[in-house]
Structure formats: structure tokens, C-alpha cells
Amino acid sequence: MSKFIEERKNVVVKFAGDSGDGMQLVGMQFTNNTALIGNDLGTFPDFPAEIRAPQGTIPGVSGFQIHFGSTEIYTPGDACDVLVAMNAAALKSNLTNLKPGGIIIANTDGFDAKNLRLAGYEENPLNNESLQSYLLHKIDITKLTRESLKDNPLGTRDKDRSKNMFVLGFIYWLFNRDIKNTEAFLKRKFINEHDILDANLKTLRAGYNYGDITESIGQRYMVRAAKMEPGKYRSVTGNPALALGLIAASLKSGLKAFYGSYPITPASDILHELAKHKNFDVITFQAEDEIAAICSAIGASYGGNLGITGTSGPGMALKTEALGLAIMLEIPLVVINIQRAGPSTGLPTKTEQADLLQAVYGRNGESPLVVMAASTPSSCFDMAYEAVRIAVEHMTPVVLLSDGYIANGAEPWRFPTSDALPEIKVSIAKEKDAAEQKYLPYQRNEDLVRQWAVPGTSGFEHRIGGLEKEDITGNISYDPENHQKMVKTREAKIERIAKYIPKQTIDQGAEKGRLLILGWGSTYGSIRSAVRDLLEEGYDVAHAHLHYIKPFPENLGEILRNYEKVLIPEINNGQLIRLIRDTFLIPAIGYNKIKGTPITKNELKEQVYSMLSIEKEIASVGEI
Amino acid sequence: MSKFIEERKNVVVKFAGDSGDGMQLVGMQFTNNTALIGNDLGTFPDFPAEIRAPQGTIPGVSGFQIHFGSTEIYTPGDACDVLVAMNAAALKSNLTNLKPGGIIIANTDGFDAKNLRLAGYEENPLNNESLQSYLLHKIDITKLTRESLKDNPLGTRDKDRSKNMFVLGFIYWLFNRDIKNTEAFLKRKFINEHDILDANLKTLRAGYNYGDITESIGQRYMVRAAKMEPGKYRSVTGNPALALGLIAASLKSGLKAFYGSYPITPASDILHELAKHKNFDVITFQAEDEIAAICSAIGASYGGNLGITGTSGPGMALKTEALGLAIMLEIPLVVINIQRAGPSTGLPTKTEQADLLQAVYGRNGESPLVVMAASTPSSCFDMAYEAVRIAVEHMTPVVLLSDGYIANGAEPWRFPTSDALPEIKVSIAKEKDAAEQKYLPYQRNEDLVRQWAVPGTSGFEHRIGGLEKEDITGNISYDPENHQKMVKTREAKIERIAKYIPKQTIDQGAEKGRLLILGWGSTYGSIRSAVRDLLEEGYDVAHAHLHYIKPFPENLGEILRNYEKVLIPEINNGQLIRLIRDTFLIPAIGYNKIKGTPITKNELKEQVYSMLSIEKEIASVGEI
Amino acid sequence: MKVTQEIQTSTKIKSNGSALVDQPLLSPKSFESGQEVRWCPGCGDYSILKQMQQILPDLGLKKEDIVFISGIGCSSRFPYYLDTFGMHSIHGRAPAIASGLKATRPELSIWIITGDGDGLSIGGNHMAHVLRRNFDLNILFFNNEIYGLTKGQYSPTSAENSITKSTPYGSLDHPFNPLAFALGADGSFVARSMDRDPKHLQALLKIAHSHKGTSFLEIYQNCNIFNNGAFFVFTEKDSKPVHTIFLEHGAPLVYGVNKEKGIILDGYTPRIVELGENGISTNDLWIHDETDRTKSHILSRFFEDPRVEGNFPRPFGVFYREERSLFEQRIWQQLETVKQKKGLGDLDALIAGNETWVIKE
Amino acid sequence: MKVTQEIQTSTKIKSNGSALVDQPLLSPKSFESGQEVRWCPGCGDYSILKQMQQILPDLGLKKEDIVFISGIGCSSRFPYYLDTFGMHSIHGRAPAIASGLKATRPELSIWIITGDGDGLSIGGNHMAHVLRRNFDLNILFFNNEIYGLTKGQYSPTSAENSITKSTPYGSLDHPFNPLAFALGADGSFVARSMDRDPKHLQALLKIAHSHKGTSFLEIYQNCNIFNNGAFFVFTEKDSKPVHTIFLEHGAPLVYGVNKEKGIILDGYTPRIVELGENGISTNDLWIHDETDRTKSHILSRFFEDPRVEGNFPRPFGVFYREERSLFEQRIWQQLETVKQKKGLGDLDALIAGNETWVIKE
Ligand SMILES: Cc1ncc(C[n+]2csc(CCOP(=O)(O)OP(=O)(O)O)c2C)c(N)n1
Ligand SMILES: Cc1ncc(C[n+]2csc(CCOP(=O)(O)OP(=O)(O)O)c2C)c(N)n1
Ligand code: SF4
Ligand code: SF4
Ligand SMILES: [Mg+2]
Ligand SMILES: [Mg+2]
């Protein structure tokens, strides 16, 4: 019973099994439990590619990694301390990522002849010396699960479905946790399915008890609560957070949210999430394609609502013509791109940051719009809210970039109360204003923002479209001078938004120094972790993270010039770096990883070590 | 008869009238005649916006400007020496562009009360002093046309249609020309319409004779043949030249040309031209939209043909998803974008160069392809041919940019014989090769080019698609390392094409110096003319013109560093300049005009004067 | 023509979502936007605009509640000329834009203006989907069998072998039959009229408006510049009586200069008959029933080239009409149902989610 | 089932462009690509793949002359598993890609593989246009009434009120009737089969192949993960006999466990009858005529929810078939005609144009 309990600062656990093994559910439950006891954490689910691959094969492996600690956590962790392998393929595809001396919990039933063959093992690795350098716990989970369900009336196939609860119970035991909140979850989930509930609860407990009973495991671990800012927390993943940000902005602005979208991985979950909340008056519209999706959102915005569309790379490509129309119409529109690895269909379930230049430049003609990026799961909420604020207050389309990594990754979130959310000023023309003077659709205020007037408002009847418009009146104009003026005005209007976004801050490190690491989007956690280490190690390095890319924060140039070197890590072949070099003419250096996976803390640290030591080499890198 | 004939080095004539007045035909005939007598020339037709505007109004005015001379001519001219105004609106909208002291030939019938009102004239400008500073010839062309056709059996409406021939005849007289080739043209055109032919011929002669007879005009002009490189010439406009380039490339490569397109101004004429030449085995396919157009071309290329698609801005936006597929498939594809003023529907009949960044960056994911640009009407032929050569030899999509200005502008063309055209090496796998070894679709040669194998070839059956591919085999691969390798390989393949394109040359000026003007696309003529003048005036300035933008010519960086300053004139808000600043980190300066019209020689000269005199100011322009 | 009267009544009953209101009487003139109309002189679009301006005052709508949304094409310039709300959008996408607008603003009267290229070439998919969804929208499909705006290429409705700018040797595509297309996409209201019959067009515009659901009204429109006379056989005095048949619900299918011809249904095979011959009277004729889907299919196939011997007359009027629930209503009902079930959303509860914990100082 | 035989003969007559050739006998196995098949265990796609591999050797085609082109979706993985040429393209665009290929390579046998989302949602327009143009292509439309690949959103063929990932409170769209859509787009061959009737599916694949023109074959396919059992009422032993009717050209419309039920056409109104009752025999029944457009429309509307009382049985087989000239043939004929008229193009003459002049040294 009372085995030795070792305290750890932080731990990385990876749950891996076949797609059918329910590892995502285990991961999410463990995450919630971890969050509830007050650890900081980061997670990364690792789905198989889009088609359910054959059982037992490596492409069929589904994984969930969680990094938790009593210290600040910003990533799901580079390498694992504990690996749960439900079958041979799961072991094979994850072993390289396990720390030497790490713990393996292997379901022996998943290492039968067929599984071994499918995973490409000649011999059973559980039975030879290959795993010597790890702490291997072999458990016949299938057998133990069935045994614990002797009295349950379910069939064997159904019983086997609760195997994952055995794992969860055992891991709870291993980390000295309380299983109550998972019990509560199961009771909610299977409220009407008594036998299934019974099976899940029993197996969960069986897994927990197995730890106590078995002699072979002498060690347990515990991770104390992290010192986190006081407040109320929940755990959140990026896509739902983004959806919540949109709903919050809809309620705070008083504009009805309309989400027009066409399913695409990894953006679909936003549609799914919003569709759940119809009691917030959100309209979700699954359009026939991405073009119809954005056009329907334009129609909704034209009608005085909050038009939103969301997609991923290939879908974004299809929206670019309509984006041009929204730029001409100068109406609010939020366009979300949950980036995935490209080009073309690419690697739909993998992450990448390679749609940035498309967002900034990917339209015909001079077509400026606002480009912003979320950096962590919880920042998806903030940036979605910001995207709405800017779109509505500045009458412009806003492209908000997220990616598969933060969309599906979780972290604890000190969520705001609705009162604390900033105001969103909506100014739609009212009927009574009509008397005062004739409505001029393209008359602008001091921020170059035109007035929104919507159908149903007497006295404001007007016609707009995609042809070039005469300044002020909005009538069609083929006048050359007018065209130049309008092109410049549209650009100036977007640039002027820089006045209404936060100044760029330094996330960590000194205000001046040798090296600034400038990031954007989902690399936040890796850069933050790396820089924290590097600062501790005494390196002169700082971190700034961009959330606003078009326009850049007003003070960005100033900040960049405070450092001898600027390093820009991106999960692409170099995109932000092009904007920075072009705008500020500084020889920024890129660190680029294009493997469909996040940059790890250590990779980045290595890069910094090499940069700060081999000075000469860098000095000569003038062109990229 | 023998009036005084004054010799001029070069002259600019503008024909302007209502859309129904046939000014384009007059312009084209005069152009051909001018070319035949050996002048160098440049033209610019100036259509009314897309809908035929009401007769007599300013939006309804259709114009055609021609610049011809005994010296080299590179543009349609900044301001006119002679303005033909068929009605009041034509005068009003063109007068600002007439040189002081210039000649006005006004059709008095087009200045009746209604026409004056529609043009917004309070008084008839022909009858007050407003035109004092010009040489005004008033002719009642309608009346004179009808008179000359007393004996012709056509109705009045039909008779009036030949008014434009009166103008043409008169202008021929004014410039001391021979009307024979126009007579021949009319005979060909109206071979089956005897009465119409008669009317046209009679009016043409009446116009010519009118010059002789009338006392009021004392002056005639002549422009000697230009000193041009010896050879055989024709006159050509950009879109037909482009179409011919494609046909030539098809015949020389032995690949069947397939042009899939959806009509859009100003690209439609390529479709029209190609459709005329079915005896060259060209298949033209008017698809249901731009997406289907590019996809059909991809299908044709996949089948071992020369797949081509063409469009303009908004249509280009729609093609970007499929372009990504072509990049993944690594098959030859030529995509033509005849740019027009944007964004969105913009100004469809006006010119602009604002789709460059879209061409380079406008796709999801890392999706490199080749971007090239034509610079003059005749270079449309060369660059179309080049686009095919590179697409086929390097198995890549190529985006070829042209614009409304060169698409519709004419120039004399010392056309090549088919023998002189460079070879296009096609290497499609042959059945006999199959025996030797298994086909590996993504195996590459030393230029990273994979082998083309097409349906119908036994032993080469294989499957490809838009998912990331395994190196060499082309199988689907979710491997992280492989993805990075493939992204880098696709980029490297495109960059390696720099070895197979001409080195960048200096068009005029010294190899080193104070100022390089770097242009691309249709600004060629303006820059060339301006630099010729500036060099004559003793300024230290040079001109380089880019035809290859992705990849840049290998020696471009070297060239840029040979000048103190680099000026980049563009008909956009600054696009090439971003690529140059990013790549070479030089503080290039933009000169941007976004008025839907070409940059004029004088505008550019003014810019250079100010740059080369107000040195200080420029030095501080660090950011754009 | 009876349709006019019939519908004027029904308009009052079915007010198309916008309440009939007491308001200053609107005249056709009050719908003129004052923008200079920029079609070619003689273009059929003028008549369609005029008939629209004529009937708008009769619909009992407030000006500000009317929205015209078009794509790109000559026809798509239409919204500029009406003093209502309007959007001249992008090529082919008007139905999608209108869908978003109607979903969020069901009380508006929304008219989609499109052409044969805009609506059936690039925009064919949105057209099909808007029809199946059945928003309460009115689609005016200006069919001139040509691309007017881009200066004369053939369109998906152009006859085979059309010589146009893009097909100097004749087009090769088998054209769409727009009404068959609309029926195939489960359109709930499918009708045809023409630019050159102002009365009929006015009547049909009103009927289309009165239909609760997506009304698809094809309008034959003469492009006198690029496809002059494409429909003259149906629209001009000489040939109209023998080549057209005007459908009225409940009335027999008669036509001809003296209404001497009729159509009977022999099983499901239509035949042309001479009234009076072989004892055939109007009682024997096919009685038009616009709610009959099968018959509407048969009528939509009266689509032969009128130059062909023995061809059927081209029908005009309402081919098919079906009451089907409105998409926007279903949307709003669902919102209501969920609100009733779950209660109005509480933002703070939503943000907090199911499981929270507190970190104390 | 007679269709199989009938068509096996006709296949030999109409060889679909590719000549019948002496060649090593191909077996189903020779069409396996060796790539691991990655659908969910139990997915209906397996059966379709198997039937395809079964019939391919019988078509008299050379392996290298066969091309499968698909869009994106579970179904669109199909080409990977066949050792022919294949392209897994982008979402919804396979018909357009196939059009370009067929236009330039008429001798190839091209199969378009698509799903209900790929083919009727994002790709609906290309689908309609390829049908009207009538290239000689075969379209296999895998209808599982769900988006499989993106993990379970409703599709344009999902029943109203479907509870799916994107519609937790039920879908609101009125679904397309795919065959009515295809008929409305003037498809020249419109048919339906199912994954779970291997014989019928094999027969229909062959018939589709034998049709000269664009064949649209809808295949009911079970997605056992996200929409399990959507078609069980039609495919499973118990309910199949009473809920399906198998169409054979020239044969009466009978169905039922003991073929005791039939369909008669009362005018143009179909009615279900019991054979033997009221003296009705098979002679009185509707005889299926796949060349009859009106009847095909009526059949395509046998589309009621099978849970509804008095519903018609769902038809399987060829609904409609029409001989219409092939688009690729028209293209090539036009090339020939022009070449004959104008002579084979002379490149130098073309480049030189009509008017040239010479500048001498
Ligand atoms: C994306 C895009 N593609 C092409 C065009 C060019 N375009 C404008 S209108 C049009 C077709 C017009 O035909 P139709 O819809 O029949 O309208 P009409 O002019 O005949 O009234 C085309 C191809 C465009 N504006 N946008
Ligand atoms: C442009 C684009 N939009 C969306 C997607 C995402 N997507 C892939 S397949 C699919 C639908 C699949 O449904 P269906 O065609 O019915 O095929 P199934 O998987 O059911 O066989 C979607 C929406 C995509 N790949 N590309
Ligand atoms: S081109 Fe044809 S459709 Fe367009 S405005 Fe002129 S006549 Fe009308
Ligand atoms: S998700 Fe459905 S359609 Fe896709 S492979 Fe699995 S069972 Fe088949
Ligand atoms: Mg048209
Ligand atoms: Mg499906």
C-alpha cells in the first residue's frame, strides 16, 4: 500500500495506442485531473492521419502527450518520462521519444504475434533485452479488464472498450491522484447506459488498485501544485477557446454571430463547438464549400451581424477572391485559418505555420487586411475576441491564424469573467440619423473607417460592390486619381489600426541585448521555455512574440533595433522573416523546422548555443 | 494639292469617339499602315469600362493612342500632338492630354446640343475661345460621309457607320500616307458585302481627298522610317503574341496544347485567339469557372499534353488551391495572369501590376513555383514560349504575368522564324524503358526534376495526389523528416532553375553607377524611354528589367550592389520592391503609380531628377 | 392574363415575411436610384428593370426592407438602378451571400439577380444548393444565352454550334435546360417569363415574390449586341402565338394565333392537338397543375429548337410550385427550441466550462 | 439478374473507345496495387473496391489505359488501391481534371471516384457540367450520406434532422436527390446500386462502363463509423425485398419477398399494386424503359423515407440512358474539320501574320 513516493518538478507522460484504444479520452481525463490539482500543464494530441488506418499498424497509432509540473509549463514537453504503449506499434513509434531510464507501461496483450508483425517487430521487444535501459512494466490489461468485469453483463467486445480506464486508473495510482472527478465524468457521460458505466467505473478502480496490489512496482510519483497566478482556472484547448472567444465577442458587441463554414481538418471543431451553443443565438451554417461559407458570412455582415468563417489552408485558398470583395465593401469579417501542413492537401493532421504570407499577400490587387495570430490554446480566446473587436470597430476583414498544434493542445486557463472583457464599440447607423444628412457610404471618420448602414434602416438605402468606388460617395468610379487615392486609403486605414493594438512587449529577457528571438503563433511555448532556460544559464537573450502581424505594433522596429541579432523560429520555410527583413531591412536569421511537428525547446536552445558561439559564421549570413 | 509638308521625329495621335464610332478599328488600321512604312511605334487602346455606357457620355468614350517615330519608340506617348474627337465627350475627356499647340480634329456633328449636355459642356467649346491655344479643325464628318455616299444603296444608319473611314482617310492625308493597304484590308473584310465595302472605300477616299480640297488646312506632316534592326517585321499586340508563343511552343515541343479557361477581361482574347487556330491542333476548353479551367489543364498535362490556363486577378484567386495540387504533382503547367486593376472586381479594363505577390506567395503551405513576366507586346511571345520551356523541362507550374497595358498595346515585332526558336526538351517515359527498372515517380535527376510518365504507357502505372509524398517512391508519407526534405526539395528545384534562365542584363546605362532603375513587366517602355533621355541629359542612371522573378537570375544581387541606389517603379503599391528588399537587404526605393494607367516617361524622369538632386531626403528613407 | 389578378390577391395574403405596413405610397419612380443606367441601348435588361420598378410599389414592402444582390455580368448591374439596398458582389456568388443575409435577417425581401453565366456557369453550385435549402428568396435568372459583359462568349445555355468569340467554329457543349436544372435541384418554385412581355413579366415577378421559398424565375432577355434575336421566335408578334404557350394554374394548355391548338397528355406523353379536330375540345386538354412535379418535368422538356418541325411550344409561366418549410425559419426555430431547452446562454458559465479550480494567493 | 448478361454482350460491342486487344489475361489480383488499404474495418468501400477489381479484367482494357481520378474523402482513396494510373486530386474537382484528360486522351478509360460531399457539395457544379457535356467518363458516386473523412458532419444527401458532429441539434437542410440532380443536369446515364449487393454492383459497373457518355452511378455505401446502417433497410435481407425494386430494361416493375408486388402507371401517377388482387397481373405493370426520360423522372422521385407508411420501394438499376454525342469526339471532329478546311497550320505563316514589312540593312 504505502510505496515510496518520489516528488518530481515536472513529468511528461505519453499515452499511445491504437485509434480504437481510447487514448484521447484517457489523455483528456488525465489532463483535467492534473489541472484540478493545480499543476501547470501543456498537452499535444497526436492523431493518426485522416483515414482510420488498419488496427495495429504504425499509421493507426493515436497518441496523447501531457507535460505537467509544479513549475511553469509552456509546451507538451520534448521527451517523455512515462510511455503507455497499448500495442507494439505504439511502442515502436514512440520509443525514440522516451527519456533514458523512462517508464514503459506496456499492455502485453497488444504484443501478440499479429501486433508484432503489423508493427514490424521481428521479436517481441518486451521479452528481449532491447528495453533494458527503461523501466518496463508489463501488464496484461485486457485480461485484467475482463477479470474485473466478470459480473458485468456486457459482451466481451464492449468490455474490452473499457481497457483505457484501466490504464487511467493505474496512472492515477502512479501519480498518487484522486479518481473522483473521473468517476463523476463517467457518471455524467453514461447516465443512461448503466452497464457501460459500471464497466468503466470498475475498470478504473481495478487499474488503480492494481498499482497497490502488484509487487513489481515500488515507486510512485507526485508533482505538487504549481505556483500560478491566483484566480479561477479551467483547462482549455485552442479550438473551443476560439469558439468561446467568438461567442463572448458576439454577446459583448450585441451582434448576432453567424459562422459560415465548410468542414476541414483541423478547423471543423470550431464549427462543432459553435453548433453546440445555439442557446447563445449563434447561427452555424455548413455551406456547400469554402467560397459559399465566406460569402454567406459576408452576407451576414452586410446585414449588420458578426459574419465569421473558418477553415484551413486549402479552404483558405478558395476564399481569397471573396476576401477581396470584403476588402472593397469594407465590412467587418473574421476569417479563421487553423493552419495545417501543406502545400495542397499536404499532411492534414500535422501542424505548420506556412499560411502567413498567403494571409498577408494572397489576393489579387492591392488588398490589405488585418492579420493576427494566436499563440497558445488560451490565447485563441483572446485573439478571437480581438479579431472581432478590430473587424467591427475598423470595418475590415481580419484573418486570424491558429494552427493544428494549439487548436488541439490544452493548457490551464485563468479565464476572464465577462465583465472584464474589453468593450466592443459598434456603430451601426440608426434611422433617426438619416434626417440629418444624406448617407455617404464611403465617408470616413478620423481613423478612415466608414459608417456601417444595414438593410432595414430607412433613409440609408445604398448600393455597394466590388468595383472601385468613388471616395466618399461609394459610387462606381473609373477615375485614375480616385483609384490611387482609394488604394492608398485602404492601406492607410489598416496601418492606422496599429494605434489601437497593444504595443509590442518583451516576454522575457532584457530590453536590449545580443539576441532577440522573435516568434509568432504556436511557437510561443517552445520559445518561452527555451528562453527561460537560456536566461537561467546566463545567456543574453530575450523573447518577443507577435500577435499582430498586419499591421505590426508601432514600436516593433524600435525593439528590433535594440538587439544585435534577431532570430525568427518558424514552423515553415521562412515567412515572418520575409516581412521583417523587407520592412526593417535587418539581417534577421531564420530557424525553420518543417516536419509537421512543433519546434522543441531543446532544438531551439541548440540553435541559440550555436549562434551565440559561432559568431563569425552568422555575421556572414546576409541573404536567406 | 501640294501643301507644305513638315517633317517630325515622332508624333502622338489619339483617336477618340463614342464606343460605337469605330475608333479601335481606325487605330489598328493606322497602326498597321504606320508599321508598314517603317516607323517604330507603340499603341494604347483605352476602352470604356466593361458595360457599354450610354452614347455621348464620358464613360462611353473609346480611345486609341499611337506614338510613332523615326526614332526608337517604347511607349504610346505621354501627351498627344493630334487629337481626333468624334464628339464632345471625346474632346472633354482627352483635352488635358493634348500638347499645347496640338491639333484637334473635331467632328462638328458630335457637338450638337444633346452631345454637349451629355458631356457636361455649358457652351460649345468649338465656338468659344476655350480652344484658342490649339489648332482646331472642325469638320462635319457625318454630313460629308453621307454626301460621299449619295449613290450607295445603304440606309443612313449603315452609311453613318463608315464615318470612321473618313477620319482615317483624312489622317492618312495629314501624315502623307498611302491608303492602299487599308483598301486591301477592307476588300478582305467585306468580301461578301458589296455595298458596305463600297461605302467604306468611298468614305476613306473622301476623307483623304477632303484634306487636299479644303483650304483651311495648310500643313501636312511626315515621319520618316525609323532606323530599326534589319529584318522582317509585323505589328503585334500582347495577347495574340502570347497565344502565338504558346502555339509555337506546342509545335516545337511536340506536345498538344490544351487551353482551359474561363472568360475574363483582359485575358479572354487569348482564348479567342487560340480558338481560331484549331488547325494547329490546339484544344480550347471554355470551362464552367476558373477552378475547372485550371483543373482541366492539370488533367491535360497529366495526360502528357501541354496544359495551359489563363485568367486575370479575381480568376487567379480562384486557381490558387489547384495550383497547390500542380506543385505537389510536379507536372508542367502554364498559368497566365493578364493583370488588371484590383482589388476585387476593381477596374476591369484598367491596367495594374498588383498580382505579383499573389503569384509568388498566394497559396497555402510552402508552395514554390516559377514566376515570370512579359514586358512588351512582342515579349509576350517570347515569355509564353519560355514559360512552356521551363514548365516542361522542369516539371513545374509556371505563372506568367502580363497586364492589360501590353495585352492590348501594339508594337512592331521583328518576329522569329520557327527554326530560330530554342529547343524544348520533352522527356516522357517510353514503354520500352519500363523493362529496365520499376518506375519511381518521385525519383529526380540532377536538377531535381522527376520523370513524366503518362497514362497509356504500360509498366508505368502509378498513383499520385495532393498528400505529401515519400521521396523517390511518391507514396503517401506522414514521416516528419520526409516532409521537411520534400519541402526543401521543392524549393531547391525551383531555385535551381536559375541555372537555366538568362543572366540578368543591363538594358541601358553603365554597369556600375549612382542609380539603377529596376523594373519588371509592362513598365519596360516607360523606363527605357526615360533612361534614354536621362542618359542623353548626362545622368548616371541605368536600367535593368526583370523577366524572371522566381527564381531571380543568379547574378541579380551582384548587379544591385553595383549601384548606389535602386529605384523600383511599379504600377502597384510596392510589390517587387518587397521581394528585393527581403532578399538582398538593400534600401530600394519605390516609385508607385496606382491609377490604372501606365507610368509615363516624364513622371519617371521627374522622380529621377528629384532623387538625384535631393540626396538627403532619400538617404533617410529606410523603411517603406 | 389571369395570373396577374390571381397573384395580386395572393400577395396580400402571403406577405413574404415583411409585414404590410401603413406608409407613404411608393411609386415606380421612388425606386429609381438616379444612377445613370448603363446598358446598351435596346438591351432587354431595360424592360426587366422597368417591370421591377413597376411592381415594387405593389408588394407592400418598405423600401429599406428590400435588398438586391447580384453577381457579375451586364444583368448584375441591376441593383445599382434601384433605390433599395443592394450589393453587386462577385461572379456567381450572389446566392451564397443572400443565404447569409436571409439566415440572419429573415424579415428582408431579398432578390438575387443573375445571368446565365453568373448563375449557371461559375455559380451553378450555389444555385443548386440555395434551391434545395429553400430560403425565402427570389432569383431572377436573366438568360440571354451569352456572356454579355465579357463581350460575347457562349454560355452554358447557348445552343450547340453557337458561333461566338470563344467558339469561332461553333460551340460544342450541350446546353443546360435551366428549368430542368432547377427542378433537379429540388427548387420549390420554377417559372419562366420574358423581357418583351411586360405584363407577363410583371405578373410573374409578383408571383415569384409571393411564393414562400426560393423562387427561380428564368427571364428570356435579349442581348441585342452579342446575341440579338435569340428569343425572337418566342417574343415577337409573328411567331409568338405559335411558338409559346402560357401556363395558368387550373387552365387547359391552349395556344396558337386563335388559341386553336392544345396539348393533351396521352398517358404521360404530351401531344399537340388541333381543337375541333377529331372532336377534341378544351375539356380533353391537359389542365395545368403547378403543384404536379411530374407534369412540371414534362413541361420543362418542351425545350426543342423551335426551328425543328413538330416542336412543342415553349411554355411560360409557373411550371412548378411547392410549399416546403423555409430554411431561415428552420434555423430560427432551432435557436428557439434550444434556448427553451437549455435556457438562454450564460456567458460566464460558458467560459468557465464544467471543471474549474481556484489558485489562492 | 439479367442485366449482367445483357451487358456483358454489349460491352463487347461497345468497347468504350479502347480497342479490345489480345493481351495477357488479367485477373482481379493484377489490379491490386499492393498499397495497404486504409479504410475502417467494415467500411462499404471495401466491397466497392472488390467488385471493381472483379470486373476490370472483363472490360477488355489494357491496365495502362485505365485512369481513376478522385477528389478528397474516404471514398477518394480508391485510386491508390488499383494498379492502374490514378490521381487523388483535390476536393470536388475530379470531374474537371478528368475533362481535361479525356479531351486530350479520348482513348483512355477514365473513372471518376467521388463521395456525396466531394461530388455534390463542393463539387456539385463540376458534376453538373460534366454531365451536360457528356464526355465518355464513368462517375462512381459513393453515397454514405455523411462526410466520412472529416469525421462525421452531415452531407448534402443526409436526411433532414440528422444528428451529426456539425448538427448536434439536427440538420436543417433539405437533401439533394442525387439522381434527380443528375437528370436535371441532362446526364445521359443515371443509375443506382449498393455496396452490399456484389452481383448487382458488378453488373452496374459494367453497364456504366459500356455506356458511351458520362455515366453517373450512385452507390449506396455504408459508413459504419459515422453513419452506420443508413441504407440497411435497402441492403439487408429482412427489409430489402419490400423496400427495393430492381429495374431491368423491358421488364415489369415487380418486387416483394415473393415478387408479389408491382408498380403500375395510372396516367403518369405510379401506384403500388398487389399482383393477383383485382385481377392485376404482370402484364398490367409498368414496363421499365430506360430510354424514357419522363419515366426516369418519376422513378427518381421514389425517394421517400422508407419509414413512412405507403412509401415506394427504392429503385436500383439503370434509371435513364440516352445516346448523345460525346464531347471529346466533337472536339476532335472540330479539329479535323478545321484542319481539312484551312490545311494543317504553318507555324511560320502564323507567326508572320497578314501584314509584314522588311527593314533592310
Ligand atoms: C471570377 C471571375 N471570373 C470571370 C469574370 C468575368 N466575367 C464577368 S461577367 C461574366 C459572364 C457574364 O455572363 P452572364 O452571367 O450571362 O451575364 P450577362 O453579361 O450576359 O448579363 C464573366 C465571365 C469575373 N468578373 N470574375
Ligand atoms: C478545399 C477542401 N475543403 C475541405 C476539405 C476537407 N474535406 C475532406 S473530405 C471532405 C468531405 C468528405 O465527404 P465525402 O465526399 O462524402 O467522402 P467520404 O469521406 O464520405 O467518402 C471534406 C469536407 C478539403 N480536403 N479540401
Ligand atoms: S452586351 Fe448585351 S446584355 Fe450586355 S448591356 Fe449590351 S445588349 Fe445588354
Ligand atoms: S469513416 Fe466511414 S466511409 Fe470513411 S473509411 Fe471509415 S467507415 Fe468508411
Ligand atoms: Mg448572359
Ligand atoms: Mg460521404
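Numbered from 1 within each chain, the chains take letters A, B, ... in sequence-line order. Bear in mind that the values here come from a model prediction, so they are computed numbers and not experimental data.
- Rounded to the nearest 0.5 Å, atoms CD1 (D:Ile72) and OG1 (A:Thr345) are 3.5 Å apart.
- Between D:His91 and A:Pro314 there is no side-chain heavy-atom pair separated by less than 4.5 Å.
- D:Tyr169 and A:Lys276 get closest at one heavy-atom pair: OH-O, 3.2 Å.
- Only the side chain of A:Thr57 comes within less than 4.5 Å of a heavy atom in chain D; its backbone stays farther off.
- A:Ser268 and D:Gln153 get closest at one heavy-atom pair: CB-NE2, 3.7 Å.
- Atom CZ of A:Arg157 is surrounded by 12 or fewer heavy atoms from other residues, nucleotides or ligands within 6.0 Å.
- There is no contact between D:Thr164 and chain A, counting heavy-atom distances below 4.5 Å.
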Verdict with supporting geometry, D:Ser121 and A:Glu288, side-chain hydrogen bond (donor to acceptor under 3.5 Å, both in side chains): CA-CA 5 Å; D:Ser121 194; A:Glu288 56 270 28; over 6 Å; no
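- The two residues D:Gly117 and A:Tyr262 make their nearest non-hydrogen contact at O-OH, 3.9 Å.
- Expressed to the nearest 0.5 Å, how far CG of A:Leu118 lies from CD of D:Glu36 amounts to 7.5 Å.
- Using a 4.5 Å heavy-atom cutoff, the side chains of D:Ile122 and A:Leu318 are in contact.
- Heavy-atom neighbours of A:Gln55 CD from other residues, nucleotides or ligands within 6.0 Å: at or below the threshold of 12.
- Using a 4.5 Å cut-off between heavy atoms, A:Ala292 makes no contact with chain D at all.
- Ranked by non-hydrogen atom pairs under 4.5 Å with chain A, the options D:Ser166, D:Gly123, D:Gly124 are led by D:Ser166.
- The structure places CD of A:Glu273 at 13.0 Å from NZ of D:Lys165, a figure rounded to the nearest 0.5 Å.
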